[in-house]
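What follows is a set of notes on a single structure, which appears directly below.
Below, read A as the first sequence line, B as the second, and so on, with proteins coming before strands; counting in each chain starts at 1. Since the structure is predicted, the reported quantities are computational estimates derived from the model, not experimental observations.
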Amino acid sequence: MKYEAVVIDASYHEENDETIINLFCRTKEGISLTARVHGFDPYFYLVSPPDKVIDELKNDKDVKKIEKYTLFVRGIERECAKVTIRYPYKVPEYRKNVPEGACLAADIPFHLRYFFDADLSLCVEIEGNDVDAETKSKYTTDIVLDVEKISPATPFKVPLTVFSFDIENSIRENRIYVISYAIRKGNELIKDAIWSDTDDEREIIERFVEVIKKYDPDVITGYNIGGYDIPVLTERAKSNGIKTLNIGRDMGTFSVSQERFWRVHGRVVIDVWMAVKLRLRPKQETLNFVAKMLLGEEKDDVNRLKIDEEWKNRREDVIRYCIKDAELALRILEELAEINRGMDIAAVAHLPLDDAINGRTSTLIDSLLIREADRRNIGVPMNKYGGSETPIEGGYVHSIQPGLYHWVIVCDFKSMYPSIIISKNICFTTLSEDGEIESPTGVRFLSKERRVGIVPSILERLMAQRDEFKKKAKRAESAEEKAYYDGLQNAVKILMNSFYGVFASSFYRFTDKKIGGAITAFARENIKNVIATLENEGIKVIYSDTDSVFFQSPYKNLEEAIKFGEEVAGRFSKEGMSLEFERILEPFFSHGKKKRYVGKAIWPKEEIVIRGYETRRTDAFDWQSEALMEVFDAILNSKDEKELKAKVISRAKKLIEMTLNGEVPIEKLVISRSVRDFESYKDASRLAHVEVAKQIMAEGYEFIPGMKVSWIVVDARKTPQKVEPYIEGKEFRSKPDYEYYARRVAMTLSRVLEVFGYDEDSLFTGSRQTSLASGSLDSFEVEEKRDEKPQQKKKPTLEDFM
DNA sequence: GAACACTGCTTACCT
DNA sequence: ACAGGTAAGCAGTGTTCT
């Protein structure tokens with residue numbers, strides 16, 4: 001029988017003195033399948049090993065084979081020994097006895113080592129034989145095969161079974177009352193809950209395990225399961241004398257890898273909270289807040305703080321509430337398309353789904369790079385941990401003069417760092433003192449003619465692949481097909497842009513700081529050259545950040561501005577570097593600080609573009625963001641200075657006055673911030689957000705490091721300022737410090753408004769402004785900005801507005 | 001003693 | 001355990017002005 005399937009997760013285990021690799025799959029037909037691979041042994045390389053070492057290894061009963069290889073290591077060909085051993089778990093023992101740098105490829109997870117060597121990808125074609133009944137009983141999948149033949153298959157999509165769960169347990173004694181679940185299987189949504197009339201906890205857990213076995217899900221998910229539900233389940237199973245919680249497809253249990261990352265063989269564990277944090281960046285991260293925001297639905301009304309009484313008095317409601325939680329988490333995950341995204345990354349990085357979703361960025365790069373290195377007999381060094389080096393210099397950011405500008409053209413280099421790597425042949429395999437390509441840092445790389453770097457060639461391939469997917473998306477005949485290719489091209493883009501980061505990191509196996517430094521140096525040189533050239537032509541360059549350049553169009557009409565933008569973009573696109581004409585902003589405003597601007601895009605589509613400002617920040621309170629937004633609206637839409645002033649000054653004053661008078665809904669004053677592990681702070685005792693986290697824990701609410709907490713400032717005159725937690729659904733009784741809030745609003749608005757002084761010429765010209773005497777506009781004075789070093793100015797105070 | 005300047009720590013953002 | 005560059009708020013400390 002031949003199966004086409006996606007590899008959900010891969011693991012290995014010992015069986016009768018043999019290491020077996022398990023590939024846990026879901027087939028095209030929707031069958032769950034375990035493919036068992038026999039006969040693959042772990043190995044590593046030793047660089048120029050002394051004869052003595054080889055002799056020792058030859059006599060080692062755990063060493064199966066020693067072969068000679070010539071590998072390219074640190075710039076030259078070296079004699080190496082490939083050492084094949086019996087057990088994967090023994091590899092660390094061998095590598096720790098070898099001097100640094102003399103051991104290669106001894107830190108690659110064994111299941112990935114196999115994946116790379118067999119050149120597999122997310123989608124595979126498997127042929128094999130059914131195993132005997134006894135072996136089959138060790139797995140939960142529909143089919144268990146011993147693999148005869150396996151090969152990569154062209155990517156396809158398979159609907160996965162996703163299992164979301166939620167636990168309600170007693171606060172007093174930790175005991176589990178109910179476990180609910182919501183399962184997506186095809187188009188079906190199955191919802192139910194497990195509890196016991198006699199409150200037999202062991203029975204609840206055992207029935208939960210049965211449900212997992214029955215539905216055999218590919219993904220286990222839930223809201224905050226990593227920090228809460230899984231630890232509770234694991235602990236309660238232990239307390240009940242359950243030896244292994246057979247959740248895995250190999251009947252294994254959860255294991256924790258690095259702090260809060262849970263894994264279980266055969267399934268992908270996804271914490272919806274993590275996905276939400278990453279994709280949505282919401283102001284608050286509670287399930288209720290996110291569900292409301294994303295699905296327009298709220299949780300049922302059960303008081304979790306009084307769960308013991310609730311369970312006694314309104315059991316049905318608690319069960320319903322619990323089911324709803326599991327369902328909401330599932331639907332949020334679907335809304336975020338997190339699994340699809342993971343499948344796309346896995347497909348282009350050629351990894352099992354779990355490694356693509358829960359793995360590190362370096363794993364994605366490893367997957368491409370190690371295969372290519374092996375093909376070309378290039379030694380694969382190990383990652384080097386510890387040792388923090390001096391950071392390399394990053395991107396160039398052009399300082400920005402405060403003001404309102406018109407007809408601003410934005411261009412940016414497409415995939416700038418990957419383009420530089422390709423065009424300058426930057427790679428650890430081309431790094432050489434007698435290279436012909438010299439970076440501004442003085443580091444040299446060999447020309448393509450002498451040696452094509454493996455990183456540049458991989459990136460070139462990815463670029464071509466991305467173009468191909470883009471073409472297919474364009475030609476797609478259905479919306480579904482278009483979305484499919486669009487997902488893949490986006491995954492390739494993410495992958496390409498991840499290369500620079502790992503090469504600039506201090507621990508990655510192929511990293512050399514000289515490489516990362518050379519990339520950014522070329523980038524700075526390039527963008528500075530664009531800026532200088534434009535300025536020489538008399539074009540006013542307004543701003544630039546890393547790979548983008550904002551400049552004023554000499555033409556104040558759409559048709560000619562577009563033509564000009566296209567002309568500039570075309571002119572600076574060369575040597576594989578493509579400058580793209582991104583948009584026209586009319587008008588464009590900044591108060592003179594880098595990474596903060598706002599503009600009205602009029603081409604290619606109409607939209608408001610805001611970067612950096614409080615409206616983008618999750619730690620600003622809504623009232624502050626909304627007030628600033630009103631000001632931006634006025635700035636972007638006023639016909640002239642008079643209209644702007646008429647609109648905005650009195651309105652700003654009014655908003656601040658309202659704040660001072662407490663005429664603000666309390667929920668618009670909520671401030672939220674993330675809180676790390678308490679131990680990680682230098683001095684946690686005076687940080688408002690940390691105090692809030694401690695307080696909500698003391699009140700019995702869930703808090704897990706990394707979570708956002710919310711509060712309201714009630715007295716800012718005290719040091720440290722006095723704050724109180726703000727908890728949804730709980731009435732806030734204290735009085736906010738309205739003066740504090742008014743001052744914060746005043747600060748935010750004045751930063752922007754002080755750009756507009758009384759000098760009529762300076763307004764709406766976008767030209768550099770001259771210093772203005774403050775006049776009847778209260779404190780909205782404008783100061784001259786000179787190059788990099790802005791002068792210190794007097795802080796505007798609340799009184800300035802009154 | 002209030003006001004201010006400056007530093008260190010912290011978070012979130014931009015590319 | 002993918003990078004660096006940047007703004008801004010708060011606490012603490014030292015300095016200056018009143």
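Residue contacts shown for A:E614 are absent, as no nucleic acid heavy atom lies under 4.0 Å away. Nucleic acid contact for A:I392: sugar-phosphate only, since backbone atoms but no base atoms lie under 4.0 Å from a heavy atom of the residue. When heavy atoms are screened at a 4.0 angstrom cut-off, A:G501 is found touching base atoms of the nucleic acid.
In this structure, OH of A:Y417 is placed 10 Å from C1' of C:dG5, rounded to the nearest angstrom. Residue A:F621 contributes atom CZ, which lies 10 Å from atom P of C:dG9 at whole-angstrom precision. Between the P atom of C:dT6 and the NZ atom of A:K593 lies a distance of 12 Å, rounded to the nearest Å. One can place CG of A:N358 at 13 Å from P of C:dA1, the figure rounded to the nearest angstrom. Rounding to whole angstrom units, CD of residue A:Q624 and C1' of C:dA8 are separated by 10 Å. Put simply, CD on A:E691 is 14 Å from C1' on C:dC10, counting in whole angstrom units. Atoms CG (A:D366) and C1' (C:dC2) sit 12 Å apart, rounded to a whole Å. In this structure, A:K722 atom NZ and C:dC10 atom P are separated by 17 Å, rounded to whole Å.
No side-chain donor-acceptor contact under 3.5 Å links A:T748 and A:R744. Under the 3.5 Å distance criterion, with hydrogens and angles disregarded, a donor-acceptor pair is assigned to the side chains of A:E285 and A:W273. Side-chain polar atoms of A:E614 and A:S625 form no donor-acceptor pair below 3.5 angstrom. A donor-acceptor pair shorter than 3.5 Å cannot be found between the side chains of A:S255 and A:W262.
Map A:R686 and A:T748 each onto its nearest nucleotide of DNA chain C; the residue landing nearer the 5' end is A:T748.
A:F703 is linked by a ring-ring contact (aromatic ring centres under 6.0 Å, His included) to A:F678, counting only residues two or more places apart in sequence or in another chain. A search for salt bridge (Lys or Arg N to Asp or Glu O under 4.0 Å) contacts involving A:D344 returns A:K157, not counting sequence neighbours.
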task: Scan nucleotides 10-15 of chain B nucleotide by nucleotide, 5' to 3', and note B when protein non-hydrogen atoms come under 4.0 Å of the base, S if they reach only the sugar-phosphate, - if neither.
output: SBBSBS
query: Reading nucleotides 13-18 of chain C from the 5' end, what letters show protein touch, with B for base, S for backbone sugar-phosphate only, - for no heavy atom under 4.0 Å?
result: ------
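Look at A:H398 and you won't find any side-chain N or O under 4.0 angstrom from OP1 or OP2 of C:dT6. For A:R751 and C:dA7, the shortest distance from a side-chain N or O to OP1 or OP2 is not below 4.0 Å.
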Check: residues 487-494 of chain A side-chain donor-acceptor pairs under 3.5 Å, at least two apart:
from   : atom 1 : to     : atom 2 : distance (Å)
A:Q489 : OE1    : A:R466 : NE     : 2.8
A:Q489 : OE1    : A:R466 : NH2    : 3.1

If you look only at distance, which donor and acceptor atoms sit under 3.5 Å apart when one is on a side chain in residues 414-422 of chain A and the other is two or more places apart or in another chain?
from   : atom 1 : to     : atom 2 : distance (Å)
A:S419 : OG     : A:K414 : O      : 3.3
A:S419 : OG     : A:S415 : O      : 2.7

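In this structure, A:R616 fails the cation-pi test against A:F632, since its NZ or CZ atom is not both closer than 6.0 Å to the six-membered ring centre and inside 45 degrees of the ring normal.
Taking every side-chain heavy atom of A:Y385 into account, C:dA1 is the closest of C:dA11, C:dA1, C:dC10. Of the candidates C:dA11, C:dG5, C:dA1, the closest approach to any side-chain atom of A:F507 belongs to C:dA1. Closest to the side chain of A:R360, out of C:dG5, C:dA8, C:dA1, is C:dA1.
Taking a 6.0 Å sphere around NZ of A:K722, one finds it holds 12 or fewer heavy atoms contributed by other residues, nucleotides or ligands.
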